[in-house]
Structures are given as C-alpha cells and as structure tokens.
Amino acid sequence: MELAGKIIFWFYAVVIVAGGGLAVTSPNLVRAMLGLIATLFGVAGMYLLMNAPLLAFMQLLIYVGAVSVLIFFAIMLSRASATGDEGMEPGLWPNVRAFLAFALPMGVLGLTAFLAPPAGVLVPAEVDPAKLGQALLGEYTLPFELISIVLLAAMAGAVLIAFEKRGSK
Amino acid sequence: MDVPFELVRIVIAILALAAFVGVNAVILVWVERKAAGFIQRRPGPYEVGPQGLLQTVADAAKLVGKQLFTPAGADPVLFWLAPLLAFLPIFVLLLPMPFGPTATGMEVNLGLLLILAFAGLNVLSLCLAGWGSNNKWSLLGAARAVSQAVAYEIPLLLSVLAIAFMSGGMDLSAIVREQGGWPWQWNLVLQPVAFIIYFVAAIAETNRAPFDLPEAESELTAGFHTEYSGMGFGLFFLAEYAEMIVVCGVAAALFLGGWRGPFGTDGWWWFLAKLYALLLSMIWFRWTYPRIRFDQLLVLNWKWLMPLAMINLLVTAFIMKL
Amino acid sequence: MSAPTSITEKITRLWSLIVGLKVTGKYFTKPQVTLHYPRKTLDDENLLTYRGHIELVGLPKKPGTPKCISCGMCQAVCPSNCITLTKRKPPKPTEAEKKAMEEAEARGEKVKKPSAPKDPASFNLDYTLCSLCGCCVENCPVESIRFSNDIYLAGTDPNAFRYDLLQRLKEQAAAKPGAQKAQAASGGETGEGEA
Amino acid sequence: MSVQREICDVNPFPEHVAGDFYSNYFEKGQAENTLIINMGPQHPSTHGVLRVLVEVDGEYILRAEPVLGYLHRMHEKIAELKTYYQYMPNMGRVDYLHAMAWNWAYAGAVERLAGIEVPERAEYLRVIASELNRISSHLLWWGAYLLDLGAFTPIMYAFDDRERILDILQRPSGSRLTYSYFRLGGVAADFDDIALAKIREFIPHLRGRLPMYKDLVTDNVILRGRVEEIGVLPLEMCRRYGATGPVVRGSGLAYDVRRAEPYSIYDRFEYEIPTDTECDAMARYSVRLAEIEQSLRIVEQAVAALPEGDFLSKGAPKPRWKPPKGESYFAVEGARGKIGIYLVSDGSNSPYRLKLRAPGFSNLSLFSEASKGTLLADAVSILGSLDLVIPEIDR
Amino acid sequence: MSPVTWYQFVAVLLLGIGLFGLVSRRTLVGMLISVELTLNGAGLSMAAAAQFTDMDAVMGQLGVLFVMGLAAAEATLVLAILVIVSRRVKSTQTDAVSQLRG
C-alpha cells in the first residue's frame, strides 16, 4: 500500500500543479476555471489520501458544487470573450513581479518546510465527523459563530451591493 | 505485488454499476416512453423487440453511429468535456448506494455526503456544455441551469440533513437499517415535509419536467444540448436517466426504507421496487404538468422550499435534542 | 403567485396538481385510441369517403376502356395543371381510301372523314401538383373521373406519383375479371393499393 | 406583468435604408450586454416558419419584432390568374386550421358580387361545417399552446377529439385538413345520414370531455402561473392594431362578425359571444374554450333544424362563368378573427383584384408591443395565445 | 522525508501558483480563481499538518472547513462586486476599474 499511496500522491500532485498552471495562465477564463476544478479535485484526492474523507467531500461540495459555479456565473456576467483578452501582461516588469510573487513565498515557506521537518505520523487516523461536530459546538464555538456571521454578512452584503445598483440606476 | 481487496471490490462494483446503469437507463427510457404512450392513449414504442423493448437500444446504436459534430466557433475541449463530465460521476454517485443488505458498492461512512458532493458536477457539465457550444440558446440554457441548480441544492441538502440528524450519521446503509420493513416504520412517516421537499428539489436538480427549464424545448429549442449530436447528446440523455436513478435511489433509501421489506423479506427487490415506483411518479409528473416559468421556479424555491426545509430541520433538531 | 392568497386558495391550487395527476392516471389505464397501422387498418366506412387522387371510370361493358370522351374539360378546369390528356388522332386512311375520298371530294360529294376514337390516347396525372379540389370530377360531362380511395399512399420517388391513368384502369379491370357491373357501382376495393 | 422591467426604448430608424431588417433595425440599435436572438424561422414555438428577432437582456426581452415572408405564397396574385371557380382550393391553404371559414369568405364575396342565391340547406351545411371546423381549430390551438407551455399530454387528448371532427368533415368534403368544400352557390356535397349521426354523437361526447380539459389544464396551478396576467393587451391596444377574434374578445369587446354583421343564417341560432375582461393570455384561453361550447350549441341547433333541399344552387357558376363588373366585400368570423375578402371584378372570368384580410396578421402585430419587457418564456406564451397560423399571416 | 513535508511542498507550490496568478491576472474573475488556488494551498497545508503530526486533528480539519466557508463567502461577494463593476464599467479589467473616481 505504501507504493500505491506514493503513486497516487504523485498523481494528485501532478494534477494539482497542472491544473493550477492552467488556471493562472490560460487566456480563456472558462478553461482557467477548468484548471481550477482539476486542482480542486486533486486537493480533494489528497484529503482522501490523508484519511480525511469529510474534508474531501466538503471540498467537492463547496468548491466544485458552489464556488466554481459562482465563478462560472461571474464569467458569464462579465462576458469574457471566449478567445480571451486575459493573459500575461506584456513587458518585463509585470512578469518579474508575478514571478517574484510566486518565488518569494515559495522559497521562504519551502525552505522552512524542508529545514524544519516535523515529527510526522505515517498513517493518519480518520476523525469521526461526530467529534468534529462536538468540537464545533464545544471548544470552537466562537470561530463557528464567527464564520456564520461572516457568511451572513457576505450574503447580506452581496444582496445589498447587487440591489444598490438597481435602485441607483 | 498483492492487490488490496478493497480496490478489487471497488473495481468490480464500478463494473457492475456500469452494467446496472446501462441496463436500467435502457429500461427506464423504455418505461418513460411507454408510460407517456399509455397516458396519451397510444401504444408507445412497439416495433423493435417485444413491445418495443429494444427501441432504446436501437436508438443508442443510431446515436453511436452519428457523426460527432463540433460547431464552428465552439471550444472543442469544453464542448466534449461536458458530456463526459455529466456522465462519469454517475458511477461514483452509485457507489455508496445500498441496493441490498450486502449489495453496496462501497460502504462509505459519509455516503450521503459523497453523493451530494459529486452531484454538483452535473451543474458544471451543463455550464460547460452551454458555454462551449457557442450558441445563444445554449448559453441561456446554461444560465438557467446554474441558477436553478444552485438554488435547489440548498433545500435538497437541508431536507437530507434532517434525516442525517435523525440517524446521527451519513451512512446510507445505516439509515436503511434503522428503518423497518413496514411503511409506518419508514422515515417518510416521520419526515413527510422533508420527503416532499427532497423530491421536488430532486426533480429540479435532474432538470425533469415541470422543472426542465435548462432544456425547455419550446423556449430554448433544446437549451444546453442544442448543438450536441450523436453520442454527445446520448451521454447527456443517459446521464439524465442515470441521475434520476440516483436521486430516486437516495429517496428510497432515506425515506422509504430502502431494501427493508415486511415479514422479513429484506432484499434488493424491495429497493428496486421502491426505486421504480419513485421513477414512475417522476415520469407521471412529466407527462401531466406544463413547464414552470423561471421566476416562479425561483420563487418556489426561495419562498417556500427553503423556509420549509429550514423550519423542518430546526424542528427535527429540536425534537432530537429532547 | 402574484397576489396574496388565503390558505384555502393555496390548498385548492395544490389540489389542482393532484387532480391533474388523477386525470392522466385514469387515462393511463384506459384502452388506447390509436390504431396500430400496419397491423390494423380503418374500416372501409372511413376510407370510402376519403378523396385520394383521381382515377378513370371504365365503361360498364368494357371496364378497360374509360368513359372519357377526351373533351379536355378536366384539363382546362384544373387549377394546378396536373392533368395531361392527349386525344387520339384519326386513323390514317390507307392509300386506297385516301384516293377514294379525294375522288369523292372532287365529285362534290359530302365526304365522311374518319373520325378519331373518343377515348383518350393518354391520360396522365401528376399527383405531385394536384390540390384535390375536385373540379375535374365535378365538371366531367360523362362522369369518367372519380376519386380513388387510395389512403395508404407513400413513396420515395416523385415519379411514383405521376400516374398513367389509362394503364391503371386497365390493371384494375384485369384485376377484377367478371366484375364489370360492380366496377361501376363501387370504388374498386381490391385494385387500389397496387398503384 | 409581474416581472416587467423598465426598458430603455431604442428606436434606431436609419435615414438610408439598405440591407436587411436585421442590420437596419437590430444590429445598430443593440445595447451593450444584450443578446440578439433569432427565434425562428425554425423554432419549436413559432408554429411554422415565423421568424421573431428578439433582443434580450438575460431572459428579459427588450425588443421583439416578427419578420414575415417565409411562407408567402402569393395567394392574392394567384387569384388574378385563376378563374373564380378555380380559386376555391387556394382558400383551404390560406388558413389550414379553419379552412371552412376562408372557403366561406371567398364564396360569400363572389356570391354577393354576382347575387347568387344559396339554397337553405346549403346555408345550414355551411354553418355546421364551419362551426365544426372552428372547434377543431380551437382544439388544435389548445393542444399546441400547452405544448408551448411544456405540457405534452393535452395535445394528444385534443387530437383524439379533433380526429372525430375530421372524420365527420371527411365524409362530405373528402379531405381532412385543407378543405375545399364550399362552392359558389352552395357546397360540394351533402352531409349524409352517417355524418349527421356522427355529429349528434360527437356533441355530447365533446361536452363530456370539456370538464376533463378543465381538470387537467385550466385549473392547474402551474398553467395559471404561466397565463394569468401574461400578455395583457388592453382594449385600446387591440383597437390600435385591429385585433379581432378571441384576442379582442379576451380584452372585453364582444365583437364577433357573426353578430356584428350577420351573414348567412347566423341570426337564427341562439348562442353567446364569450368575452373576458382580464385582457391576459388566460382571458384568450378561456374565451376560446367557451367558444368551443358555443359552437357546439350552434351545430346542435343547425343539425336539428336542417331542412331538406338542394345543397348546390341550380344556377351555380360553371368553370368559365363570368360575374358582372363590380366589387364586393364579405367578412366572416374565423377561428382567429375577422376574415375579410375584398373582390373587384372587371367582368372577365378571373378576379381583377382580390384582397385577403387575415386576422392573424393583425393579431401578430400586437406581439411586438405586448412582449416588450417580458421574459422569454412569457413571450412564447403570448405568441401562443395569439393563435397564429403562419400561412394565413404571409398569405 | 516524512509525508507531511511532501504535502507541505505541494501546498506551498499551490499557494505560490495562486499568488503568481493574483499578480499576473488582469480581470477580476481571473484574480478570483487565483485566490481560490491560494486558499486551497492553505487548506491543504493545514489539513496535512493536522493529519500527519501529533497535533489535534480536529482543530486542523475545522480550520480547513472554516477556510472553505470563507472561500464561499468571498466568492459570493466578488460575484456581487463583479455584477456592479460589469454594469458600470462595462469591463472587468482591473485597470479599468482603478480609474474610477467615486
């Protein structure tokens, strides 16, 4: 199982990186969204691999089922052309800027991860969803409530913003 | 190298499910056309095979033989990815389905969540189909599909959650086991509101009449699959029926006691019987009602199903706590 | 969904959905009303009144020869120009007859020229043009045209609908030996489908 | 309309007209973020080859303009080339759903011009045939309209009943759709006893079916949502466009040619002109269903009072008949509204000019205004509620 | 190297890709996609840390769930903003939006 696990891990890793690459470089936004979805699937697969199926399914439910659909909606609303006016900006400075944004955190965080490897467990244990629920309502009530407030605020804000325009126009 | 038993089991299960989906979709299409025929007082398919039973097979053969046509200006990758994306998740969706006491593709603790998670892919495929077709009707169909699916997913989730609350888990087999064989031991009795909400939302999620707006043929010609020919259309068609099987299977397991039968006659036959009863009622709705309008669809969802599902969930939670 | 409504009204509205299901459910169990064509066909009662393309009516004594007198009325009255009728030419007199006629004419006698037979040389119908108005049938002075009851008419070639009606009449007469009298009375039940 | 939205009206009439309708009236006036869609000429809900150009913002229609001419068959010009006698079959093809009314309009115009008397029995037969045909037309509309609204089954039930009417009308006329049953001075053939018996049988049958129609469709809450308060056509608007028939009756005006300018023997029958003041698609729907009942009443009375006699006048015109010089106008009430035929004769054996006034044309011209600001689905509903027959509009 | 390090590498890579996109993308939607990538990287890192170390797994998983919730909220808000921007500016290019005053 060890070998199979490794193969699967690398497969997911390739999917994630390839999807991510497509997502940030494709001039066509719908294809970029497709890349994002591939990445999301890869991440979900990794969650499964690290024995957290709840996270994996929630990842699919929230990201693939809701967020990517919202993104698609946004693409349709903004009427991005199918051929795409989106892509790398010409010129040296924007490219350097983008590369720096990529490389700096990569270097710092990657080095940290490499230099300070934590004492790892090889086979992670699955967490019972019930335990999660108890923690949510016990130990972590405050963040839970906070996130619900954030969601509510976001929803109200979205509605408000969208409505404000119609009234003013 | 020893192959783990679990993996073999899943592979076998997927193969069996593929056969199941294939055979049942064929039968279901035939049942639908036959039922439509009887409702409209005509015989329905009749010529190919006994009582036209092989008509769907003949249609499928025709579809396979047709040219796969990519419209000019369409994005070929998105265009052909969409039908695949509609069809492939079906196998995953059926994996945790409890067909019988032992006949389950894969016992997943979070089976219900798995189904809900992968059901979201369907919307995505509609989006891609509509967008990739480079056709205005398809685009309108996709826009409808998106808002409809996003809206109806919420009451669907909430009504299913009510059952999950009651059973304290998301394992479909466990939920079935908790119910009895007799109708009054079903979850339907305890959760009638959840059942109605689930069923309505399920019809909307599978884009069946009267909620078949994304493909409303009198308005949008064929909506998101206007441009599809041959097996591209065939896969959408197959996916629609396979999805009907999924949602009705979940309904049978959650609300109608799944494979439990009275007098200890548990078995897959009960599950299939309940599944087909639900499928038939879906077909019955389709051939009875006119199509609902788009804003009415959303009003129905936001004003009725959502609050009802919410209240139902709260009441369930309250009672469970008592 | 527009105006606020009372609870009872809402219930009746929902009930209407059930009523609709009841209707379709009832018809689901009822026998079918369609006719399964190749296996079952309509009774003749229904077919006899159907007006298919036109056909010629044979003489009571000689069913192979039409009553037609080649007057050309049908051709003239047809709004769609779908009938082509050619008259017979008078038989060519032999040399001897010709001579005799010329002599007789020279003598100043009244010559009886050979007249053409009245039945048409050809009578063709282009059914692809016909609008089935019935003008030809109504205006035929000798009632030599009638509608066939050919309801099961299908073909893949437009030429299949260009009929030689004389030929058809001959075939009909041949198909029904000894039915000379019945020919005039009824619409010819057997020979219809073979056109 | 519950979902109407404010529209900025674009009116881009160009100075110089070159190019087709689309490039002149739509492309230039297009606002940003809108789609221009060709609904038709091949579209499931336009019932034939009608093309409707729509500019939509999302699903809201900003502008909709019907484009005609795809089925133009020059019926008026053909009249000038045919004799009076030969022109009759054309009438069955103008409006194939209510062919009898067009038959009647043409026969009536010629008869009025030449002063031909129609035998009494022929008048009754004309009424029976025309009213039965009206019922079949309304039944077909009913089914097709519900098909537009997404219900598949009603059209099959409607065809079940319609088939019986076709069987009845086939007996005297010989055809099932494009009837050429009327003749100048009478009708082509008599109704035999079997046909009359079938009619007597049919009337109670259809009356028994109408409650089912109501249960299955009329009372259905989904249908109500799709037709109530949709496509409101105020009476003033109907007047402006010259709408007639069930459209104007659905807007509250009891205008029916059979009452307003009685022709033939319609004054002998007792019947009502159903009207509805709601002005919406539901009003037109219920007016048509009520008309089915009224037509049944008329047929019932006509069959009961059917006198003996000739079905074709003795002095009926022959193929080469020439009418006197002059002009005449004859109007009848078709299933879609007022059918008018204006006929000018120069004394030759074919008309000098024949003008067909098709009700569908006027009714369709309402669509552009009525559909502004509605949803695409509502526009389909409105288009269906106008009961269009494209060959009649294009003529 | 223990598995957690590998997972962390992937997570960091994902984060980097997301940041790269965030800087290089010129439309709002493109930036939204990039932000989702970044959030996913964070989530992956958290989950890996929670699962493969002695740390409390519950906390890590809850953290990931919170990130998901935030992502959903953020996407909703961006969509709403996008609606306005696309209606007012007729473009979703960020440069065009930045020229707005008031």
Side-chain angles (χ1 to χ4, degrees), chain B residues 32-33 35-44 130-131 134-148 200 203-204 207-223 226 283-300 303-304, chain D residues 1-5 34-40 42-47 54-61 143-161 163 215-218 220-228 230 374-381 383-384:
Chain B
E32 162 126 49
R33 293 171 67 175
F38 282 137
I39 283 176
Q40 299 172 353
R41 307 186 72 187
R42 57 188 174 83
W131 178 269
N134 189 30
N135 178 312
K136 290 166 183 172
W137 300 116
S138 302
L139 196 63
L140 284 177
R144 284 180 171 193
V146 173
S147 20
Q148 178 174 340
V200 172
I203 295 174
N207 298 326
R208 292 278 303 178
F211 304 111
D212 55 344
L213 287 132
E215 47 177 297
E217 75 290 313
S218 59
E219 295 151 27
L220 303 183
T221 58
T226 305
I283 290 169
W284 192 4
F285 293 154
R286 173 169 178 196
W287 297 101
T288 303
Y289 298 138
R291 186 179 306 114
I292 206 163
R293 203 177 58 211
F294 195 71
D295 57 317
Q296 292 164 346
L297 178 98
L298 295 181
V299 163
L300 176 70
K303 273 196 181 165
W304 294 97
Chain D
M1 267 136 285
S2 51
V3 285
Q4 200 139 18
R5 229 176 67 178
T34 60
L35 278 181
I36 291 177
I37 302 184
N38 264 309
M39 226 165 109
Q42 275 80 35
H43 186 273
S45 69
T46 52
H47 302 284
V54 264
E55 183 176 352
V56 289
D57 177 12
E59 293 238 342
Y60 288 94
I61 289 183
Y145 184 46
L146 286 155
L147 211 55
D148 284 350
L149 300 180
F152 300 95
T153 301
I155 192 166
M156 293 295 173
Y157 294 166
F159 264 67
D160 183 5
D161 294 331
E163 203 67 11
D215 282 348
L216 177 61
V217 177
T218 316
N220 189 301
V221 59
I222 302 177
L223 178 98
R224 293 253 166 191
R226 289 299 302 278
V227 292
E228 275 178 351
I230 301 301
T374 61
L375 284 164
L376 200 58
D378 285 343
V380 168
S381 176
L383 201 63

Minimum heavy-atom separation for D:Gly225 to B:Gln296, with atom names?
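Smallest heavy-atom distance, with atoms named: O-NE2, 2.6 Å.
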[atom2] on [Y] to [atom1] on [X], rounded to 0.5 Å:
X        : Y        : atom1 : atom2 : value
D:Thr153 : B:Gln40  : OG1   : CD    : 4.5 Å
D:Leu149 : B:Ile292 : CG    : CD1   : 12.0 Å
B:Asp295 : D:Tyr60  : CG    : OH    : 6.5 Å
B:Leu140 : D:Ile37  : CG    : CD1   : 4.5 Å

Hey, does the Lys NZ or Arg CZ of B:Arg41 hover above the aromatic six-ring of D:Tyr157, less than 6.0 Å from the centre and inside 45° of the axis?
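The answer is no; the distance or angle limit is not met.
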If I measure from the heavy atoms of chain D, does B:Arg42 come under 4.5 Å with its side chain, its backbone, both, or neither?
side chain
Shorter than 4.5 Å, heavy atoms on both sides: which option in D:Ile222, D:Leu223, D:Val217 has the most such pairs with chain B?
D:Ile222
Considering only heavy atoms, which portion of D:Ile155 lies under 4.5 Å from any heavy atom of chain B: side chain, backbone, both, or neither?
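The answer is neither part of D:Ile155.
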Non-hydrogen side-chain atoms of B:Trp137 and D:Leu376 separated by less than 4.5 Å:
yes
Side chains of D:Ile230 and B:Arg293, heavy atoms from C-beta outward: is any pair under 4.5 Å?
yes
Does any N or O in the side chain of D:Arg226 come within less than 3.5 Å of the main-chain N or O of B:Arg291, such that one atom is a donor and the other an acceptor?
yes
